[in-house]
Amino acid sequence: MPDNPAGDPPGCGELRAEDAGREVTLYGWVQRRRDHGGLLFVDLRDRTGIVQLVFDSESSGELFDVAETLRSEYVVKVGGEVVRRDPANVNPALKTGEIEVRVKSLEILNRSKTPPFYIEDGIQVDENVRLRYRYLDLRRPENYRRLEMRHRMVKLIRDYLDGCGFLEIETPMLTRSTPEGARDFLVPSRTSRGSFYALPQSPQLFKQLLMAAGVQRYFQIARCFRDEDLRADRQPEFTQIDMEISFLGRERLFAIVEGMMACLFREILGRELALPFPRMTYREAMERFGSDKPDLRFGMELVDCSEPARESEFKIFRDALEKGGVVKALRVPGKGGASRKELDDLVKLAVAFGAGGLAWMARQEEGWRSPIAKFFSPALLDRIGELTEAAPGDLLLFAAGEAAVCHEVLGRLRLHLAPEELSPEPHFLWVVDFPLFEYDAAEKRLNAAHHPFTAPHEDDLHLLETEPLAVRSQAYDLVLNGVELGSGSTRIHRREVQMQVFNLLGLSEAEAMEKFSFLLEAFDYGLPPHGGIALGLDRLVAFFTGDESIRQVIAFPKTAAGSCLLTGAPAPVEPHQLQELGIAVKSAAKDGGPAR
RNA sequence: GGAGCUGUGGUGUAGCGGUUAACAUGCCGGCCUGUCACGCCGGAGAUCGCGGGUUCAAUUCCCGUCAGCUCCGCCA
């Protein structure tokens with residue numbers, strides 16, 4: 001550990017052979033005690049690691065008696081001499097294994113109950129129990145390393161963006177609920193009864209206002225809140241690296257973000273990233289990979305087989321094509337020998353993903369094994385083999401129908417059937433030109449695909465009124481190995497365009513003013529062109545630590561039901577608290593609450 | 001809102017329509033001067049998540065419920 005202003009002496013895990021002869025004072029937790037009767041070993045742990053303490057009954061009677069009372073996780077202060085171990089007693093598994101500390105003084109600073117699980121790496125304990133005692137879980141070295149990794153990454157990011165001329169600015173946590181988007185967490189106001197703050201889903205509007213304020217380059221390690229159901233990679237509160245720049249367009253922003261990723265990979269993993277990252281339009285991503293966040297660590301691209309399908313006698317394919325749909329294929333290498341049951345399961349899966357059905361062909365050394373091959377002439381089968389590059393032993397899966405559905409279904413099957421061995425290289429990708437709107441079938445109206453402040457693509461402005469669903473936006477996503485790391489856009493900076501988009505989203509002039517007057521007014525006072533992006537810090541850290549769930553890289557995460565097993569939040573409040581807020585609770589939730 | 005999986009000493013597991021509920025580890029006590037997952041001997045510790053039902057009998061079968069995890073919907 002480098003010198004620091006605190007001038008801290010070495011920690012337990014930092015002592016080495018060259019410290020032999022040194023008198024040290026150590027603080028830490030008792031990891032383990034090995035009592036040999038007249039000789040007692042204690043492994044002392046602090047955040048730097050473990051060192052062995054030795055107590056000898058012959059040389060220190062009273063001290064030895066105290067040492068015998070030590071138990072797991074007792075907190076102690078010891079003074080002693082670092083001594084080299086006899087070569088026969090060196091423990092190569094420990095970094096401090098060449099030495100040990102002969103204890104001369106021992107003070108028990110605090111006792112501990114027997115912990116519910118071992119404080120060590122690689123334990124197999126229910127996450128339930130670990131979250132209930134999260135402070136003990138975090139005491140484990142692997143979790144300290146996770147916290148440390150997050151800290152280092154955030155520090156690198158801050159320094160990097162500082163170097164790029166960004167200003168870190170905090171925006172309000174108590175803000176205004178806005179329509180659309182995720183469900184808001186609401187905070188009742190005491191001073192304005194019946195009114196509510198909302199916790200920010202992102203600092204979106206504020207960062208745009210900071211551009212209006214002439215900041216030009218803003219960033220924030222921003223906590224965001226969304227009251228939606230959880231997943232392994234979704235928590236109700238999470239952290240974004242939120243950025244926004246004025247004047248300079250998308251290219252500059254991409255370069256800044258790419259530079260940030262390159263910096264993290266260089267400083268943390270010691271490897272260079274190939275820059276710039278490849279790009280793909282949303283349309284291309286959907287057509288080739290059936291996903292707006294394609295995992296490029298493997299191939300298995302979707303292949304359009306509409307042309308040979310049109311010539312075939314297979315009615316389902318022909319009907320789909322006549323209705324303006326497509327027939328697309330997914331080639332699964334080496335899966336041609338799949339059993340009937342495996343194939344049936346794939347069909348079921350496809351149906352669960354929204355397909356009407358799923359056809360398959362297995363290429364064999366001679367010909368095809370397939371229930372639908374009989375509808376295809378040999379020439380057409382050859383054509384399909386050519387298009388899909390199917391080799392003997394490969395399996396082809398076909399989806400027919402509406403293009404969007406086919407892409408979705410085959411895209412999911414592609415992930416489901418992905419090879420076990422994936423490329424070890426990180427595969428970054430910019431996905432650009434997302435659609436501006438998507439159609440909400442339930443509400444029978446347009447929704448913003450990204451958010452309502454995203455600028456339409458310049459080339460598609462003329463389509464806004466006539467064919468809004470065909471309008472591309474200036475939104476983009478950063479994808480890493482099939483995970484959406486973040487998304488952003490060039491924003492609308494002209495008031496008339498913003499109003500037009502609001503109108504298309506079903507917001508009247510009056511409603512727009514009611515909800516967003518503060519933003520619209522800013523448009524009138526020289527709002528510069530601007531754009532930005534928000535990257536999911538939790539997902540990024542999880543990538544670097546190799547964790548599947550972002551719970552692992554959040555100090556105090558919540559369960560899938562949004563409860564905190566440590567504190568018991570959320571919890572009922574005192575009646576007088578509700579009274580002050582003018583709130584009456586209609587009916588309490590089911591009994592139980594989080595288990596703690 | 002929906003689906004699947006899980007729930008047995010502190011922890012991790014086994015088990016089965018009738019058991020003294022088993023094993024490992026941890027814990028407690030004893031012995032032990034070179035261990036490092038120390039070892040040896042002994043001991044304590046479980047109303048089998050909760051509620052109901054079927055049954056002569058339920059930890060075991062059924063239903064419900066709670067909690068956790070994963071996924072779908074949802075997440076501009």
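Order of the sequence lines sets the chain letters (A, B, ...), proteins ahead of strands, with each chain counted from 1. Excluded from the calculations below are hydrogen atoms, water molecules and symmetry mates; all remaining heavy atoms, backbone and side chain alike, are included.
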Is the distance from OP1 or OP2 of rU11(B) to the nearest side-chain N or O of Tyr118(A) less than 4.0 Å? no
Does a side-chain N or O of Ser563(A) approach OP1 or OP2 of rG68(B) to a distance below 4.0 Å, or not? yes
Quick check on contacts: within residues 480-492 of chain A, what sits under 4.0 Å from RNA chain B by heavy-atom distance? none
With no angle test and no hydrogens, is the base of rG73(B) tied to the side chain of Arg231(A) by a donor-acceptor pair under 3.5 Å? yes
Determine which pairs satisfy salt bridge (Lys or Arg N to Asp or Glu O under 4.0 Å) with at least one residue from residues 344-358 of chain A, sequence neighbours left out, and list them in order. Arg340(A)-Asp344(A), Lys341(A)-Asp345(A), Asp345(A)-Lys348(A)
Between rC63(B) and rA22(B), how far apart are the P atoms? Round to whole Å, please. 30 Å
The side chain of Ser57(A) is closest to which nucleotide in this list: rG34(B), rU33(B), rC71(B)? rU33(B)
Starting at the 5' end of RNA chain B and moving along, which residue's nearest nucleotide shows up first, Phe453(A) or Glu100(A)? Glu100(A)
Between rC16(B) and rU55(B) - P atom distance, rounded Å: 24 Å
Is any side-chain heavy atom of Arg250(A) less than 4.5 Å from a side-chain heavy atom of Tyr476(A)? yes
Test the Arg32(A)-Tyr118(A) pair against the cation-pi criterion, namely NZ or CZ under 6.0 angstrom from the six-membered ring centroid and within 45° of the ring axis. yes
pi-stack flag for His36(A) and rU35(B), centroid dist under 5.5 Å, interplanar under 30°: no
Looking at Pro203(A) and Gln240(A), what are the two nearest heavy atoms and their distance? CD-OE1, 4.3 Å
Roughly how many Å apart are rU70(B) and rG34(B), using the C1' atom of each and rounding to a whole number? 48 Å
Residues Thr171(A), Leu210(A); criterion side chain to side chain contact (heavy atoms under 4.5 Å, CB included); working and verdict: CA-CA 10 Å; Thr171(A) 53; Leu210(A) 286 170; 4.2 Å; yes
Winner on side-chain proximity to Arg234(A), out of rG68(B), rU33(B), rC75(B), is rC75(B)
Should Arg551(A) be listed as having a side-chain N or O under 4.0 Å from OP1 or OP2 of rU70(B)? yes
Distance between the C1' atoms of rA14(B) and rU54(B), in whole angstroms? 27 Å
Please determine if a side-chain N or O atom of Arg33(A) lies less than 4.0 Å away from the OP1 or OP2 oxygen of rC36(B). no
Give a yes/no answer on whether the side chain of Thr114(A) brings an N or O atom under 4.0 Å of OP1 or OP2 in rC27(B). no
Looking at every strand, decide which applies to Pro452(A) at a 4.0 Å heavy-atom threshold: base, sugar-phosphate, or nothing. base
Ring-face cation of Arg414(A) near Phe298(A) (centre distance under 6.0 Å, axis angle within 45°): yes
Does rG26(B) have OP1 or OP2 sitting under 4.0 Å from an N or O in the side chain of Arg32(A)? no
Is there a side-chain polar atom (N or O) of Arg34(A) under 4.0 Å from OP1 or OP2 of rC38(B)? yes
Taking Asp433(A) for the side chain and Arg472(A) for the main chain, is one N or O donor matched with an acceptor at less than 3.5 Å? no
Under 3.5 Å, is there a donor on one side chain and an acceptor on the other for Gln235(A) and Asp538(A)? no
Stacking here means centres under 5.5 Å and planes under 30°; does Phe117(A) stack on rU11(B)? no
